[in-house]
S.K.: 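Before I ask anything, here is the structure I am working with.
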Amino acid sequence: MFQRTRRTRRTAPIRAGVAETHLLPQHLIQPVFMADGKNVKVEIASLPGQFRMSYDHIVPFIEKGLGLGLCQYILFPVIPEEKKDTYASYSYDEENFYLQQVRKLKAHFGDKISLISDVAMDPYSSDGHDGIVKDGIILNDPSLAILAKMSVAQARAGFDVIGPSDMMDGRVLAIREALDEEGFTDKAIMSYTAKYASAFYGPFRDALDSAPKSGDKKTYQMDPANRREALHEAMLDEEEGADYLMVKPALHYMDIISDLKADSSLPIVCYHVSGECAMLLAAAEKGWLDFDTAMPETLLGLKRAGADLIISYFAMDYASRYNSSSGFRE
Ligand code: PBG
């Protein structure tokens, strides 16, 4: 036996030297559920450890993250039912607390943080869909105008990166044109390129009360059976002007992450979604899995599959373990 692969596994320093994948806090993006008002901090029952928070709680949360090297945050607004309507008009209302709080966050933190928005109608829609609903059909082209308006309002509020999660056809182009027209040529678009009609969004919809009031999202989100179609979506997003391509969910779609990485030279992002995080939390709570080792293994796996950036509810947890003396860096 001339070849013995165990030689490079013998000690921690040897293993560290040959490790192929490195996951640093700067590769992670932490989602934040933003609530209106003051002193709001309510835990999401189906996603323990994650909270709906008001501005006064979000500032120290981000300060803690910054201290750990976590500087990218993706923000989702919790919209009260009475503000929702058919056309999601609150999404671009000047009075919108999401936009106002982002203005304050950017004034406070400046370019020490990058804030990513969510462009979709569902949090603001009385129908709970990502586009306008008419007679049970989700209308594509009329929704684009609203998504474009929403994006411009977000860019104006100070978001660094605009994140369309709606899956309407042509939205990246519509948003790019609207941003450019308003002079926001330097705002990037992180497109949810391959977003699947997945069962793993449950806890997120609980967090925002954004579940569809009727029907499902299968006429706009992708079929979990499809792989080549993701490459088609990626091609369109590139042509339309996307700056980042995202795969969502992440864990159950690692083949898609790997395909997009091989096929595109844009940064690849994956969204380790709420249900995927909840599975691990539930198993850990039962004592069936060890969170401290399973969580970093999960995130490392996504990086290894080809994700340059990972959106995960475990970002803060990972960053604090990464920085602690008992961390998992060998
Ligand atoms: C909707 C949106 C969803 C998520 C992010 N943006 C859910 C959906 O499509 O219903 C899910 C994220 C998660 O589950 O963590 N625009």
Side-chain angles (χ1 to χ4, degrees), residues 74-77 79 86-92 96 98-99 115-125 127-134 137-157 159-182 184-198 201 204 208 210 212 215-223 226 229-249 256 260 264 266-271 311:
I74 185 162
L75 309 179
F76 297 97
I79 307 295
T86 318
Y87 298 104
S89 56
Y90 186 65
S91 66
Y92 48 85
N96 179 328
Y98 178 63
L99 302 174
L115 296 180
I116 304 156
S117 73
D118 181 44
V119 181
M121 287 176 59
D122 59 332
Y124 312 93
S125 151
D127 298 297
H129 276 288
D130 296 38
I132 300 169
V133 184
K134 191 157 185 265
I137 309 274
I138 318 302
L139 304 181
N140 195 90
D141 297 13
S143 303
L144 296 181
I146 296 172
L147 298 168
K149 248 180 168 170
M150 197 186 302
S151 303
V152 168
Q154 291 171 350
R156 197 169 285 135
F159 272 107
D160 297 280
V161 178
I162 305 300
S165 69
D166 54 280
M167 290 301 276
M168 296 300 120
D169 286 329
R171 92 272 207 207
V172 172
L173 180 63
I175 292 169
R176 186 70 271 161
E177 284 178 347
L179 290 174
D180 290 357
E181 221 160 89
E182 295 293 323
F184 296 115
T185 50
D186 55 347
K187 301 280 183 181
I189 298 177
M190 182 183 284
S191 175
Y192 289 58
T193 298
K195 177 173 179 178
Y196 287 86
S198 169
Y201 305 147
F204 176 95
L208 297 194
S210 64
D216 54 40
K217 298 192 174 186
K218 290 181 184 167
T219 66
Y220 48 106
Q221 298 182 347
M222 283 178 61
D223 183 343
N226 293 358
E229 192 185 356
L231 293 175
H232 189 65
E233 286 281 5
M235 179 192 76
L236 295 174
D237 276 0
E238 287 203 0
E239 280 176 9
E240 291 180 32
D243 300 284
Y244 300 79
L245 303 180
M246 191 197 298
V247 175
K248 177 183 174 185
I256 313 298
L260 259 57
S264 173
L266 289 178
I268 305 300
V269 187
C270 70
Y271 199 142
I311 303 173

S.K.: Is there a donor-acceptor pair under 3.5 Å between the side chain of Ser198 and the backbone N or O of Pro249?
M.R.: no

S.K.: Taking only Lys NZ, Arg NE, NH1 and NH2, and the carboxylate oxygens of Asp or Glu, determine whether Arg171 and Asp166 approach each other closer than 4.0 Å.
M.R.: yes

S.K.: Are side-chain heavy atoms of Asn140 and Leu144 found at a separation under 4.5 Å?
M.R.: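 With C-beta onward as the side chain, the pair touches.
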
S.K.: For the CG atom on Leu139, are there more than 12 heavy atoms of other groups (residues, nucleotides or ligands in this structure) within a distance under 6.0 Å?
M.R.: yes

S.K.: Would you please name every residue forming a side-chain contact (heavy atoms from CB on, under 4.5 Å) with Asp122, sequence neighbours left out?
M.R.: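 For Asp122 the side-chain contact (heavy atoms from CB on, under 4.5 Å) partners, ignoring immediate neighbours, are Ala120, Asp130, Ser210, Lys217.
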
S.K.: If I take atom NE2 from residue His129 and atom OG from residue Ser143, how far apart are they, to the nearest 0.5 angstrom?
M.R.: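 Output value for this atom pair is 11.0 Å.
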
S.K.: For Val172 versus Gly241, what's the shortest heavy-atom pair and its separation?
M.R.: CG1-C, 3.9 Å

S.K.: Looking at residues at least two apart in the chain, or sitting in another chain, which of them share a ring pair (Phe, Tyr, Trp, His ring centres under 6.0 Å) with Tyr124?
M.R.: none

S.K.: Measure from NZ or CZ of Lys195 to the centre of the six-membered ring of Tyr201, then state whether that distance is under 6.0 Å and the direction lies within 45° of the axis.
M.R.: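 Flagged: Lys195 positioned over aromatic ring of Tyr201.
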
S.K.: For residues 238-247, which residue pairs qualify under side chain to side chain donor-acceptor pair (under 3.5 Å), counting only residues two or more places apart or in two chains?
M.R.: Glu238-Ser264

S.K.: Given side chains that start at C-beta, do those of Met222 and Glu233 come closer than 4.5 Å, heavy atoms only?
M.R.: yes

S.K.: Check the angle between the aromatic planes of Tyr98 and Phe159 and answer parallel, tilted or perpendicular using the 30° and 60° thresholds.
M.R.: tilted

S.K.: Walk me through it: do Met246 and Ile268 pass the test side chain to side chain contact (heavy atoms under 4.5 Å, CB included)?
M.R.: CA-CA 6 Å; Met246 191 197 298; Ile268 305 300; over 6 Å; no

S.K.: Ring pair (Phe, Tyr, Trp, His ring centres under 6.0 Å) with Tyr192: which residues, sequence neighbours excluded?
M.R.: none

S.K.: Are the side chains of Leu208 and Ile79 in contact, using a 4.5 Å heavy-atom criterion?
M.R.: no

S.K.: Considering the options Leu245, Val269, Leu266, which one meets the side chain to side chain contact (heavy atoms under 4.5 Å, CB included) requirement together with Leu260?
M.R.: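 The passing option is Leu245.
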
S.K.: Tell me, do Val247 and Thr193 make a side-chain contact under 4.5 Å, heavy atoms counted?
M.R.: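 Side-chain contact under 4.5 Å: no.
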
S.K.: Between Ile162 and Ile175, is there a side-chain heavy-atom distance shorter than 4.5 Å?
M.R.: yes

S.K.: Among all residues two or more places apart in sequence or in another chain, which pass the side-chain contact (heavy atoms from CB on, under 4.5 Å) test with Asp180?
M.R.: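 For Asp180, the residues satisfying side-chain contact (heavy atoms from CB on, under 4.5 Å) (neighbours in sequence not counted) are Arg176, Thr185.
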
S.K.: Is it the case that over 12 heavy atoms from other parts of the model lie below 6.0 angstrom from the OH atom of Tyr87?
M.R.: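 Check fails, neighbour count at 12 or below.
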
S.K.: If you compare all heavy atoms of Gln154 against all heavy atoms of Asp118, which two are closest, and at what distance to 0.1 Å?
M.R.: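 Looking at all heavy atoms of both residues, the closest pair is NE2-O, 3.0 Å.
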
S.K.: With rounding to the nearest 0.5 angstrom, report the CD1 to CD1 distance, Ile189 to Ile116.
M.R.: 13.5 Å

S.K.: Once you measure the plane-to-plane angle for Phe76 and Phe204, does it fall in the parallel (<30°), tilted (30-60°) or perpendicular (>60°) bin?
M.R.: perpendicular

S.K.: Who are the ring pair (Phe, Tyr, Trp, His ring centres under 6.0 Å) partners of Phe184, not counting sequence neighbours?
M.R.: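 Ring pair (Phe, Tyr, Trp, His ring centres under 6.0 Å) list for Phe184, sorted by chain: empty.
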
S.K.: Quick one: does Val119's side chain get under 4.5 Å of Ser165's, heavy atoms only?
M.R.: no

S.K.: Locate the shortest heavy-atom distance separating Ala197 from Gln221; write the atom from each residue and the value.
M.R.: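 Scanning both residues, the minimum pair turns out to be CA-OE1, 3.3 Å.
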
S.K.: How many angstroms lie between CD1 in Ile137 and OG1 in Thr219, if you round to the nearest 0.5 Å?
M.R.: 7.5 Å

S.K.: Could you tell me which non-hydrogen atom of Ala230 sits nearest to which non-hydrogen atom of Ile256, and how far apart they are?
M.R.: CB-CG2, 3.6 Å

S.K.: Closest approach of Met121 and Thr86, non-hydrogen atoms and distance?
M.R.: CE-O, 3.5 Å

S.K.: Would the Tyr196 and Tyr271 ring centres measure less than 6.0 Å apart?
M.R.: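 Ring-ring flag for Tyr196/Tyr271: false, centres at least 6.0 Å apart.
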
